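Just so it is clear, the model here is predicted, and its values are computed rather than measured.
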Amino acid sequence: MSFMGRIFGSPRDRFGRHILARVRAFEGVDAAEYDPDSYEITYRCGSALATLSLDILFRRFDGEIGPELEQAVSELLEPVAAGLSPDSWEYAEPRLRPVLRQAGPARVGLGEFQGQDVVLGRPAVPYLNEMVVVDMPTTIRFVTIFDLRRWEVDVDQVFATAHGNLTELAMNTMAVFEPSERTQVLEYPDDDGDTYVGSLPLIPGWLAGAGARTGAQALVFLNGHLGMFITIGATDELVNSLLAVADQRYDDALRPLSPLPYTVDDDGALVPYRVPRNHPVWPALRHAEAKLAVAVYGPQTEMLRADAEVEAVASALLHVRGPNGIEHTMTPWPAGAPALLPKADFIVFVNDDGETLRLAWEDVGEYVDLPLAPGFDPPRYLVPGHPADAVMARLRTLAALTDD
């Protein structure tokens with residue numbers, strides 16, 4: 001530390017001490033202490049104890065002291081000073097928000113518990129789950145099953161409350177959707193993650209309403225966990241161009257979500273955009289589908305292979321481009337041992353002597369039982385060693401007839 005730093009403290013220390021003074025002066029705060037080592041302030045309001053993480057505030061405001069910082073500190077202190085515990089339902093209820101995240105192992109540290117077992121979530125569309133967070137001024141906290149027990153509420157109430165908290169935003173955004181003879185591409189950025197606009201497709205009726213108001217099909221792209229963009233009445237040529245844009249944005253996203261476009265089905269539910277195989281958009285959609293599937297299955301495969309208690313072989317999902325230029329996914333089914341297969345376009349039977357046999361998943365399912373293994377998201381299918389010789393003979397014949 002420089003000579004001036006030793007006299008006046010580092011910028012981080014000055015920032016921390018400034019907030020300490022602000023906390024101590026806040027009405028309802030009885031005591032507050034600053035710990036420069038953990039870079040936290042612990043404060044007491046009556047019998048309630050709470051901790052303020054200074055590192056998050058310092059990074060969010062780049063160490064700058066001003067009105068926006070003062071407002072953020074006040075928003076953090078007000079609930080506790082009013083007697084609301086940060087762990088209470090009264091505190092959480094108005095702050096619940098729905099979010100989308102890729103499925104797979106939850107990256108949270110919860111001691112002996114597996115993250116995916118305790119973090120509240122439900123499938124939204126293939127490879128993406130809807131979760132709920134408590135929105136706080138400087139951070140978010142994912143809702144867990146322990147929160148439900150503490151709050152004495154059920155899953156449906158939490159999701160319904162999170163959706164309800166976005167009702168005003170959903171209604172306000174509807175105003176831009178009006179009939180037009182022109183194709184529309186609408187960008188909804190959310191660089192700071194404050195608006196949760198990228199969660200609007202989770203609100204029942206929102207995307208269907210956009211299509212109904214414009215009289216054209218609405219497609220939404222959710223490339224990263226913040227923001228989205230929508231196209232109304234896009235031509236096939238434009239959809240192909242937007243898929244290329246989405247692919248790059250997905251690659252560049254801090255927390256990638258999906259390179260696919262989404263629309264609604266006849267019931268208004270959010271679904272991936274699908275087209276027939278002979279459609280001009282199909283190759284680009286196939287690329288995006290394979291890319292997303294491999295990205296989501298990858299961490300799950302690593303987790304299973306690292307788990308000494310998993311006896312079955314955890315087969316990987318591979319993204320392959322065929323000689324005809326068509327992209328697809330495939331997974332190996334090894335001989336001689338049980339395997340946990342990811343859902344793939346093709347299964348490749350691998351014999352000990354190096355022989356391989358490739359067939360479409362649906363074709364294999366006509367001859368072999370592919371039972372779903374419980375407890376996996378994305379799904380896995382638990383199969384024994386290769387099928388009986390007679391079945392393998394029929395599969396070889398089928399492969400010869402369908403090999404392209």
Applying salt bridge (Lys or Arg N to Asp or Glu O under 4.0 Å) to Arg249 and Glu187, what does each step give before you reach the verdict?
CA-CA 13 Å; Arg249 289 191 176 187; Glu187 185 85 35; 2.8 Å; yes
Can Asp377 and Tyr127 be said to form a side chain to side chain donor-acceptor pair (under 3.5 Å), step by step?
CA-CA 8 Å; Asp377 184 20; Tyr127 305 114; over 6 Å; no
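For residues 228-268, the ring-ring contact (aromatic ring centres under 6.0 Å, His included) pairs, not counting sequence neighbours, are Phe221-Phe229. Applying the side chain to side chain donor-acceptor pair (under 3.5 Å) test to residues at least two apart or on different chains, the pairs with a partner in residues 264-275 are Arg274-Glu289.
Two rings, from His319 and His328, have their centers 6.0 Å or more apart. You'll find the ring centres of Trp151 and Tyr91 outside the 6.0 Å limit.
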Show which side-chain atoms of residues 331-342 pair as donor or acceptor with protein atoms under 3.5 Å away, not counting sequence neighbours.
from	atom 1	to	atom 2	distance (Å)
Thr331	OG1	Ala316	O	2.8
Trp333	NE1	Pro384	O	3.0

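Evaluated for a side-chain contact (heavy atoms from CB on, under 4.5 Å) with Met131, the options Val119, Leu120, Val143 yield exactly one hit, Val119.
Nearest heavy atom pair, residue Gln184 against residue Val176, reads OE1-O, 4.1 Å. Smallest separation of non-hydrogen atoms from Leu270 and Val125: O-CG1, 3.4 Å.
Scored by the side chain to side chain donor-acceptor pair (under 3.5 Å) test, Thr161 finds no partners at all (sequence neighbours excluded). Checked against side chain to side chain donor-acceptor pair (under 3.5 Å), Arg394 has no partners two or more places apart in sequence or in another chain. Remark: Thr301 engages Arg380 in a side chain to side chain donor-acceptor pair (under 3.5 Å) (not counting sequence neighbours).
A salt bridge links Arg321 with Glu327: the closest approach of a Lys/Arg side-chain nitrogen to an acidic carboxylate oxygen falls below 4.0 angstrom. A salt bridge between Glu33 and Arg44 is absent, with no side-chain N of the basic residue lying under 4.0 Å from a carboxylate O of the acidic one. The pair Asp147-Arg150 meets the salt-bridge criterion, with a side-chain N (NZ, NE, NH1 or NH2) lying under 4.0 Å from an Asp/Glu carboxylate O.
Taking the ring centre of Phe346 as origin, the terminal cationic atom of Arg358 falls inside the region bounded by 6.0 Å and 45° from the ring axis. In this structure, Arg17 forms no cation-pi arrangement with Phe15, as its terminal cationic atom is not both closer than 6.0 Å to the ring centre and no more than 45° off the ring axis.
With hydrogens and angles left out, the side-chain atoms of Tyr196 and Asp135 include a donor and acceptor closer than 3.5 Å. Judged purely by distance below 3.5 Å, without hydrogens or angles, the side chains of Asp13 and Tyr34 pair a donor atom with an acceptor atom.
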